[in-house]
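Written out below as structure tokens is the structure these notes cover.
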Amino acid sequence: MTVHYLRAKVKSSAHNVVFKAGKVFDRIEEFFVVGNDPPGTPFVPPLVGQLQDGVKAASLAALDYLPSFGGVPLFSPKFVHVMGELLKNEVEFHPCSVICEETPHEFFVARLLQRRHLLDYPSSGLGEGAGRFQSNFIRSDLDEDFLLAREQHELKCYVFVASERFKQAVEKLKLGIAFNPAAVQG
């Protein structure tokens, strides 16, 4: 069993989308990460994020995934066009304006509908007496019947992974997304 973390295909470490702190960010986290609203709920207010300066506007066309602080994934219009049908039961896409070099660019924030017990809780700092800020370890007996899924535990719901099937589809379509294998416990 192999699952993966998504990575932006850039060399700079300053490549995250940053949403304005405060009530808007709290709502973004509640809606996209915690998932309190039922599927199909529209997101209000408009989504606008600032891309860190490690990515130049000229390279955005080659990027189909951007991470953000807080575990909110963003995908390009190209990604949504070619993968949207495959992901229709697992992901809702909400339009977002990403500001790069003072210019807005269209992206989509992904609301992952698949919430699962992904992590080995004791190894990931969720067991009794475990250290709070430990690395995340995926369960070795994880059912991979998903494309993208988010951890269901409220303290680690920022964690999401892609299945091997998702990775293969992205690679077959030559989309601009990189992957890192997730550590599996056991």
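Values below: every heavy atom of this structure, side chains too, minus hydrogens, waters and symmetry copies.
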Consider only side-chain heavy atoms of I, L, V, M, F, W and Y, link residues closer than 4.5 Å, and tell whether Tyr158 and Phe146 are in one cluster.
yes
Would you list the atom pairs, donor with acceptor, under 3.5 Å between side chains in residues 75-92 and any protein atom, with sequence neighbours excluded?
unit_1 : atom_1 : unit_2 : atom_2 : d
Ser76  : OG     : Asp64  : OD1    : 2.5
Ser76  : OG     : Lys78  : N      : 3.4
Ser76  : OG     : Phe79  : N      : 3.0
Glu85  : OE2    : Lys88  : NZ     : 2.7
Glu90  : OE1    : Leu147 : N      : 2.8
Glu90  : OE1    : Leu148 : N      : 3.1
Glu90  : OE2    : Leu147 : N      : 3.3
Glu92  : OE1    : His94  : NE2    : 3.4
Glu92  : OE1    : Arg111 : NH1    : 3.4
Glu92  : OE2    : Gly40  : N      : 2.4

Let me confirm one number: the CZ-CZ distance from Phe179 to Phe166, rounded to the nearest 0.5 Å.
5.0 Å
Excluding sequence neighbours, so at least two apart, what forms side chain to side chain contact (heavy atoms under 4.5 Å, CB included) with Lys9?
Leu63, Ala178
Establish, yes or no, whether a centroid distance under 6.0 Å links the rings of Phe43 and Phe32.
yes
So which heavy atom on Gly70 is nearest to which on Phe25, and how close?
CA-CZ, 4.5 Å
When every non-hydrogen atom of Val55 is compared with those of His15, the smallest separation belongs to CG2-CB, 3.5 Å
Nearest heavy-atom neighbours spanning Ser68 and Leu74
CB-CD1, 3.9 Å
Under a 4.5 Å side-chain heavy-atom rule over Ile, Leu, Val, Met, Phe, Trp and Tyr, are Val48 and Val109 clustered together?
no
State, with a plain yes or no, whether a side-chain heavy atom of Arg139 is found less than 4.5 Å away from one of Leu119.
no
Within a strict 4.5 Å, meaning less than it, do heavy atoms of the Tyr65 and Pro73 side chains meet?
yes
Reported CG-to-CZ distance for the pair Asp120 and Phe137, which is rounded to 0.5 angstrom:
8.5 Å
The reported gap from CG in Asp143 to CZ in Arg116 (rounded to nearest 0.5 angstrom) is 5.5 Å
Same cluster or not: Val159 versus Ile28, using hydrophobic residues (I, L, V, M, F, W, Y) connected whenever any side-chain heavy atoms lie under 4.5 Å apart?
yes
Same apolar cluster (I L V M F W Y, side chains within < 4.5 Å links), Val10/Leu51:
yes
Leu118 CG to Asn136 CG distance, which is reported to the nearest 0.5 Å
10.0 Å
According to the side-chain hydrogen bond (donor to acceptor under 3.5 Å, both in side chains) rule, which pairs have a member within residues 34-49, sequence neighbours left out?
Arg27-Asp37
Rounded to the nearest 0.5 Å, the NE2 atom of His153 sits from the CZ atom of Arg115 at a distance of 13.5 Å
Are Leu66 and Phe107 side-chain neighbours, meaning at least one heavy-atom pair lies under 4.5 Å?
yes
Pairs meeting criterion salt bridge (Lys or Arg N to Asp or Glu O under 4.0 Å) with involvement of residues 145-155, two or more places apart:
none
To check you understand the geometry: which heavy-atom pair defines the closest contact between His4 and Glu164, and what is its length?
NE2-OE1, 2.6 Å
Quick one: do Leu142 and Tyr5 end up in the same hydrophobic cluster if we chain Ile, Leu, Val, Met, Phe, Trp and Tyr together by side-chain heavy atoms under 4.5 Å apart?
yes
Expected list for residues 98-106: side-chain donor-acceptor pairs under 3.5 angstrom, two or more places apart:
unit_1 : atom_1 : unit_2 : atom_2 : d
Glu101 : OE1    : Ala57  : N      : 3.4
Thr103 : OG1    : Glu101 : O      : 3.4
His105 : NE2    : Thr103 : O      : 3.4

Could you tell me whether Asp26 atom CG has more than 12 heavy atoms of other residues or ligands within 6.0 Å of it?
yes
Minimum heavy-atom distance between Val33 and Cys157, given as atom pair plus value:
CG1-O, 3.5 Å
Could I get the full list of side chain to side chain donor-acceptor pair (under 3.5 Å) partners for Gln50, not counting sequence neighbours?
none
